[in-house]
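All remarks here apply to the structure that follows.
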Amino acid sequence: MATADPNAAAAPPNDSTNHGLRVVVAWFVLSAIATPLVAIFVGRLIPPGNASVQGTEQVFDNTWMLSVITPVICLLVVFFAYGLGSFRATSDAVVDGPPLRNDARIQVLWMVGTSVIVLFLAGFGTYELLQNGAGGGQGPNPIAVPSGSKFQVQVVAQQWQFTYRYPSLGGMESNQLYLPADTDVELHVTSLDAIHSFWAYELGVKADANPGVDNVVFVKTKGPGVFHVRCAELCGLWHPYMFNNGHVVDSGQFQAWAAKQQKLYAAIKPFMDKPESDGGAPYSKTYFPAPDRRAG
Amino acid sequence: MRLGVKLLLVAVALTAAGVMIGFYVSNLTTLAGSPSYALPVQDASSGHPVVNLQIETVAAVGPELSRNPDWVSYLVRDNGQWKRKTVWDLPAHATVHVTIYNFDGASGLRNPFLARPQGMVGNRILVDGKPTDAIDPNDASHTFAVPALGLILAIPGVPDDAKNPCGYAPCSVAKYDHRTIKFTFHTTTPGHFRWQCFVPCAAGWLDGFGGPMQTIGYMDGFLNVRA
């Protein structure tokens, strides 16, 4: 008569529990609760803010994407929590777990599900990008150009501050950034020396500032308000101090500010309008570092 | 390897690292850093303190004041002596009378806009005693700018054919050719404001913005506005 081998591993218990169904139900319930909460309460806290149409759209896009991935995160959380709770070792005995089997249904479901999500996000992102712009620099030849007239402002970066030129105001330059409210603005971002990045946070604008490059950004301002501007590219000793506040103001305030700045600018305008060969800097889409360095 | 030997090696390595860090910090504070200078209050009878700030810009700081004798630099007058200190303590809500003596030649501004004085009383400076709304950007030798206060002014350079140019600092106002710039500005609430030169004036560095332009104690510093 054969006797049992005392060293043989114990056979796994015959478990008839439908773990898959439990996970799906728990996932569904958690997602049904978490997704609307995230969309309603977390989404509105997502940067950058509502100072421009593009900023508002970015908040909308981020809210949508966060809502889409919330069920995915819920699935991972439920799966790990359920696994840790249900399949934990209950004794010190060394036993084999149940055999792993291929399940074509789960594989197909996983591939189809992730593909749908990724393709949806790609399509959604592309549509939103073309529809409202992303607030990012589009380079010197922008693709998504909004229709209608636009108010041009040039952003000039240098080590270590931003200045702003207004071609419609005779090329007037200022170290303050004022924009009229409810206006389509066309920003031309460039640099006089090193690589910088113009980040107007609440406007939802971020664009590289490179010497010799005219990086075009479109943004539509909303109501009056203040937004923060800072450099987002490590550019030397005073990079962390390269910031200032921008202002979106109503038309009357903008005209008053512009008149004051033009009065200040009048003293330097004759020198600015000189040709570059004579040390001037007449309004141009791009500039190159000049003088290169100190003589001697 | 025995445990005792291992511990000894770890202790030696830690000690060596500590010594190297100490040298690095020491180097930063003596070579790259700058001690602060508290400006004495000249008059407070009106309720608002008045201080005088006298600084000079030199083409070469010289071996007496730096281990980088050829670096361009700002110096401040402290008890009658020119010192390489670029961190200045100022009282809040004060009137600051500034006199800059420039002994360096012109090299030009990268952004001519900065040749228009702004942020001081009247948005105007005195250049060798003459009220000036703007200098020729080509004549700019350095700038003194505190961007967070909106204070910007360009300093014209000494002509190339000056008869008595100053070599190494400290440069005597009585002895060497220089330009004199005067202006007044007001400090506001307490804060920590950086100042810098905007002229690419660090000879020998790529685009003129290395070395003394990137090192506190030469062409950069802070205004510590205190209550």
Side-chain angles (χ1 to χ4, degrees), chain A residues 154 156-165 171-176 190-195 211 229 231 235-245 260-261 263-283 287-296, chain B residues 32 59-60 70 72 104-119 123-124 132-142 145-148 150-152 154 157 160 192-210 213-216 219-220 222:
Chain A
Q154 184 177 51
V156 183
Q158 76 172 110
Q159 291 172 315
W160 290 271
Q161 76 165 2
F162 291 105
T163 55
Y164 310 94
R165 297 193 78 169
M172 181 269 283
E173 187 166 350
S174 173
N175 51 6
Q176 302 170 2
T190 189
S191 167
L192 295 180
D193 42 45
I195 296 172
V229 172
C231 179
C235 58
L237 179 68
W238 298 117
H239 162 70
Y241 286 84
M242 196 168 164
F243 62 84
N244 62 341
N245 286 340
K260 185 179 174 187
Q261 293 300 310
K263 192 175 172 186
L264 273 174
Y265 184 70
I268 195 67
K269 192 175 189 311
F271 297 107
M272 297 290 283
D273 289 346
K274 282 182 180 179
E276 286 181 52
S277 57
D278 200 15
Y283 182 79
Y287 309 92
F288 287 98
D292 284 342
R293 62 180 60 177
R294 179 187 179 203
Chain B
D70 295 329
V72 60
D104 200 2
S107 53
L109 278 163
R110 188 159 279 164
N111 186 351
F113 164 71
L114 302 177
R116 200 282 180 244
Q118 293 181 56
N123 291 314
R124 179 175 284 188
T132 304
D133 288 332
I135 71 164
D136 187 329
N138 288 324
D139 293 341
S141 175
H142 300 285
V146 191
L151 180 69
I152 298 171
D160 291 340
H192 187 60
F193 307 98
R194 56 107 180 184
W195 66 264
Q196 69 161 100
C197 174
F198 275 100
V199 173
C201 58
W205 273 269
L206 182 65
D207 288 334
F209 261 89
M213 304 297 284
Q214 301 263 5
T215 309
I216 295 171
M219 300 307 286
D220 322 83
F222 285 103

query = Between atom CZ of B:R110 and atom OG of A:S191, what is the distance when rounded to the nearest 0.5 Å?
reply = 9.0 Å
message = Which atoms of B:N138 are under 4.5 Å from chain A, going by heavy atoms: the side chain, the backbone, both sets, or neither?
response = side chain
ask   = Listed by chain and number, what are the ring-ring contact (aromatic ring centres under 6.0 Å, His included) partners of B:F222, not counting sequence neighbours?
value = A:W238, A:Y241, B:H192
query = Is it the backbone or the side chain of B:N123 that comes under 4.5 Å from a heavy atom of chain A, or both, or neither?
reply = side chain
key: Contact class of A:K274 relative to chain B, heavy atoms under 4.5 angstrom   = side chain
Minimum heavy-atom distance between A:G280 and B:P112, given as atom pair plus value = C-CG, 4.2 Å
Residue pair B:Q214 / A:Q159, side-chain heavy-atom distance below 4.5 Å = yes
query = Measuring from A:Q161:CD to B:F198:CZ, what's the distance to the nearest 0.5 Å?
reply = 4.0 Å
ask   = Between A:N175 and chain B, which part of the residue has a heavy atom less than 4.5 Å away: side chain, backbone, both or neither?
value = both
key: Residue B:L114 versus chain A: region with a heavy atom under 4.5 Å   = side chain
query = Atom CG of B:D220 and atom CH2 of A:W160: how far apart are they, to the nearest 0.5 Å?
reply = 6.0 Å
inquiry  = Counting neighbours of CG on A:L264 that are heavy atoms of other residues, nucleotides or ligands and sit closer than 6.0 Å, is the number greater than 12?
reply    = yes
inquiry  = One pair to check against side-chain contact (heavy atoms from CB on, under 4.5 Å): A:M272 and B:F113. What are the steps and the verdict?
reply    = CA-CA 7 Å; A:M272 297 290 283; B:F113 164 71; 4.0 Å; yes
ask   = Do the side chains of B:Q196 and A:L237 get nearer than 4.5 Å, heavy atoms only?
value = no
request  = Could you pull out all residues at least two apart from B:R194 that satisfy salt bridge (Lys or Arg N to Asp or Glu O under 4.0 Å)?
outcome  = none
query = If you round to the nearest 0.5 Å, how far is CD1 of B:I135 from CD1 of A:I268?
reply = 8.0 Å
